[in-house]
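These notes concern the structure reproduced below.
The sequence lines fix the lettering, A, B, ..., with proteins before strands; numbering per chain opens at 1. The structure presented is a predicted model; accordingly, all values stated were derived computationally and were not measured.
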Amino acid sequence: MSRIKDGAGPSTSGHGIRPPPRTTTGRTYEYTKLSDVKVRTTVNLYAAVKFFKPPFPSRGTDYCMVAKLVDPSVGNLDEGLKCLFFAKEESTLPQIQSVGDIVRIHRLKVDNFKDAPQGNKGPGFSCLVFDGRQGAPTNPRSDSQNFTFGPKDEAKVLELRQWVSLTPELNVMSSDPPTFADVTEGEYYDLSCQIVSMARVDEKCVLFQVWDGTIPAEPFRKADLQDLSLDQKADLAQKVKGYLVDVFIFDNHVPTALRFKPGDFVRINNLHVAKYKPPDNEAGPSAQLVEFVVHKGTSYGRGLTTLSSDHPNLQDLKSVMKQVIDRSTTTEVSTSEQDDTAANGPVKKARTGESSAESDGLLGNSNVQEGNSNVQERDSMPQEGDSSVQGGDYTVQQGGSMAQGNNAAQERDSNVHETNSNKNEKDSIVSAEGSFASSSNSTDRRCLQETGTVITGHHHIKVTPIHAVLTHYTPFKFRLKAQLVDYCPRDVREFCCLFCYTCNYCIEIPSSLKRNDCQEEGREPSNSSFPCLRCKKTQSRDGNTDSAVIPTMKYIYIVKFTLDDGTGLLEAHMWKKHAVSTEAFFRDLPPCNLYRRQEDRQVLSDYMQQLCPGAASQTAAPWMECCIMSYTVKDSGPALYQIFDTTLALEAA
DNA sequence: GTTTAGGCTTCG
């Protein structure tokens, strides 16, 4: 039972025989167990935070905050003392940041509301808040300038921490906080992030573009920025382009949102990952989207608050962000290079892209067109030859597994692991490929649909949205689900070209071979009788005149697919060994001179018509499940993509 | 000095 009945603060023994114990400040306090709290009293208490609504502006003049406090005396954590606090400034409200925080409250006035005790500010109210985690510093967060804090207080905090740590409902800070990578459609999250840009959408809606260093596993709705004036932290926006997440903030949260500015760190409470229902008139993106929404109201603590500089999430968040920015700073180089090459299209002339100095030397000034005007360099060719692809393979394997559904989370976890050795649980889970055997619901739904292609392995890997692929570092492997919106070349006769496996040289099929009256082709459809003119030139330059050793060129498939999953467009090449073999794209349809093999041409045409029916009926395009690997020819080169372990699942008509 | 909101999801 509290001995404080008058709200006077320090407990006085009044008429007691012994003088009250005194602290250095001359005051001492007695603290009431929650089970002893009675209405119409004023008490001091120590407790832990079971629930709280962060400060929000009331419709009156003050900020309001709601908290429910518990201590070991409450029989059931659903019980406890509900408190309601008002203050002119957020800074003079209890500085609660998390469930599990420990509070010391002086002069809490307990009233009756709806037949239950309710804590309110009494005259002289003051509140200290402590991090509830064992081992954390015991310095208090105070709602006032002056406060007492002595060894007894510290002991009390440590005692309550022990209890909190043994109480799972309160011990919430012991696990990693959720990130955008962790979100699931339909759920609500409290997330910490940084505002990169913001815009007023209309009277009742503000858009935040935020990031937390991770990428949502679910494709999400992005605002149409055309009619919006975006307030942006431009340098940051450039660096974190691929990580921006659009959050739509409504109604009573609009004024709160407008007090923020780009660059601010914000805590978003009760962010809803809502299933996006596009309006009927909206040209539907092919993928199902979620949208990130802060709905009106303050239920479940919904709202925006400044992420304070000592918030337990902030340091981890910043460390993840730093790693992303460091990486993007190195990617910026490649981005600009990519832009350079993009002037001629992302896929350039048949440089055959050898990364080795030797090959570059070979490429030199040689011009195969001299001497044979029929040979055109192929105009649609991955910027890499065999050697570089193998290099890519190697590095990919070094890099480890394919992207998990939330690969960004995987990175994040390992980052956390580096700095926080007691948070290794998730880390060890994701480090083994295949741990995320379950797919998301939306993935399951899509699996039931007919797919135009299927993957021939890696089924346990979660699907990654294209926008996440595009911003991921290279090399890496991903599983995608997308539709084919375009492919190149459009003429299936040009799907095959001639390739020299000796020097990685690739050319269009020469006119001499397109004609029916040319020399006999090899017995295997993929064999041509065409000598590699580059090898020939090299050999003659090196003084080798033995024409018998000049390799003949082979037919290979090489097709560029443009894939769309509603989150972005990705151009990926499908070629060579990934195009044909029992497990590869066209399975048993050998590469050949398609100018001369009408039957193969017809089958291919039919496949492509099914996969990519064209603009008019694109919504009918089947989903393509595929494995994609990213790579670069040179370390700083643009990211390139190729399909692997993917095969058609269509019947030729 | 009073009011605000008083946990327990919007529907964009």
Side-chain angles (χ1 to χ4, degrees), chain A residues 39 47-70 74 76-90 92-94 96 98-101 108-123 125 169-170 172 178 183-191 199-208 220-224 227-228 246-257 268-282 289-305:
Chain A
V39 297
V49 175
K50 169 68 176 9
F51 164 83
F52 73 109
K53 273 191 189 185
F56 59 94
S58 73
R59 278 183 279 208
T61 59
D62 295 347
Y63 282 88
C64 180
M65 165 169 225
V66 176
K68 182 156 135 185
L69 307 179
V70 291
V74 304
N76 177 339
L77 287 181
D78 290 338
E79 296 163 19
L81 181 61
K82 291 178 191 175
C83 299
L84 182 62
F85 304 119
F86 291 101
K88 294 269 176 284
E89 309 283 342
E90 288 177 82
T92 55
L93 284 167
I96 296 168
S98 166
V99 169
D101 277 354
L108 185 76
K109 189 157 75 74
V110 183
D111 295 319
N112 174 52
F113 178 71
K114 286 190 183 169
D115 284 331
Q118 183 186 59
N120 301 96
K121 282 182 159 189
F125 175 93
E169 297 98 315
L170 302 175
V172 297
V183 301
T184 305
E185 183 188 293
E187 301 291 317
Y188 296 82
Y189 298 88
D190 298 341
L191 298 179
R200 186 78 186 250
V201 176
D202 56 40
E203 273 299 291
K204 47 187 287 190
C205 183
V206 166
L207 167 73
F208 275 4
F220 60 91
R221 174 194 169 200
K222 296 194 181 94
D224 182 2
D227 301 322
L228 300 179
D246 288 15
V247 177
F248 300 88
I249 299 155
F250 287 95
D251 296 300
N252 57 305
H253 306 294
V254 164
T256 314
I268 305 179
N269 279 292
N270 199 240
L271 178 71
H272 189 198
V273 185
K275 180 175 182 176
Y276 178 57
K277 289 170 233 159
D280 294 340
N281 59 1
E282 196 168 291
L289 302 181
V290 299
E291 58 180 348
F292 295 102
V293 184
V294 179
H295 295 295
K296 75 172 170 200
T298 61
S299 301
Y300 283 87
R302 183 181 307 132
L304 310 170
T305 45

Would you compute the distance between atom [atom1] of [X] and atom [atom2] of [Y] and round it to the nearest 0.5 angstrom?
X: F250(A); Y: R302(A); atom1: CZ; atom2: CZ; result: 12.0 Å
X: K88(A); Y: L93(A); atom1: NZ; atom2: CG; result: 11.0 Å
X: E185(A); Y: H272(A); atom1: CD; atom2: NE2; result: 8.5 Å

Considering every strand and a 4.0 Å limit on heavy-atom distances, what is the contact class for [X]: base, sugar-phosphate, or nothing?
X: F248(A); result: nothing
X: C64(A); result: sugar-phosphate
X: K53(A); result: sugar-phosphate
X: K114(A); result: nothing
X: R302(A); result: base

Whole angstrom is fine here: how far is it from [atom1] in [X] over to [atom2] in [N]?
X: K82(A); N: dG6(B); atom1: NZ; atom2: P; result: 10 Å
X: L289(A); N: dC11(B); atom1: CG; atom2: P; result: 20 Å
X: F113(A); N: dT3(B); atom1: CZ; atom2: C1'; result: 14 Å
X: E203(A); N: dG12(B); atom1: CD; atom2: C1'; result: 15 Å
X: L84(A); N: dG6(B); atom1: CG; atom2: C1'; result: 5 Å
X: N269(A); N: dC8(B); atom1: CG; atom2: P; result: 14 Å
X: Y63(A); N: dT3(B); atom1: OH; atom2: P; result: 21 Å
X: K109(A); N: dG6(B); atom1: NZ; atom2: P; result: 18 Å

*Would you say the side-chain atoms of D62(A) pair up with the backbone N or O of C64(A), donor to acceptor, closer than 3.5 Å?*
no
*What's the verdict on side-chain contact (heavy atoms from CB on, under 4.5 Å) for L69(A) and V49(A), showing C-alpha distance, side-chain angles and the deciding distance?*
CA-CA 5 Å; L69(A) 307 179; V49(A) 175; 4.2 Å; yes
Quick check for you: among [options], whose closest atom lies nearest to any side-chain atom of [X]?
X: S299(A); options: dT3(B), dT9(B), dG12(B); result: dT9(B)
X: S58(A); options: dG6(B), dT4(B), dC8(B); result: dT4(B)
X: H272(A); options: dG7(B), dG6(B), dT10(B); result: dT10(B)

*Are the ring of F86(A) and the base ring of dT4(B) both nearer than 5.5 Å at their centres and tilted by less than 30°?*
yes
*Does the ring of F250(A) meet both stacking tests against the six-membered base ring of dG12(B): centre distance under 5.5 Å and plane angle under 30°?*
yes
*Would you kindly compare A274(A) and F51(A) by the position of their nearest DNA chain B nucleotide and give the one closer to the 5′ end?*
F51(A)
_Please confirm whether the shortest side-chain N or O distance from R59(A) to OP1 or OP2 of dT3(B) is below 4.0 Å._
no
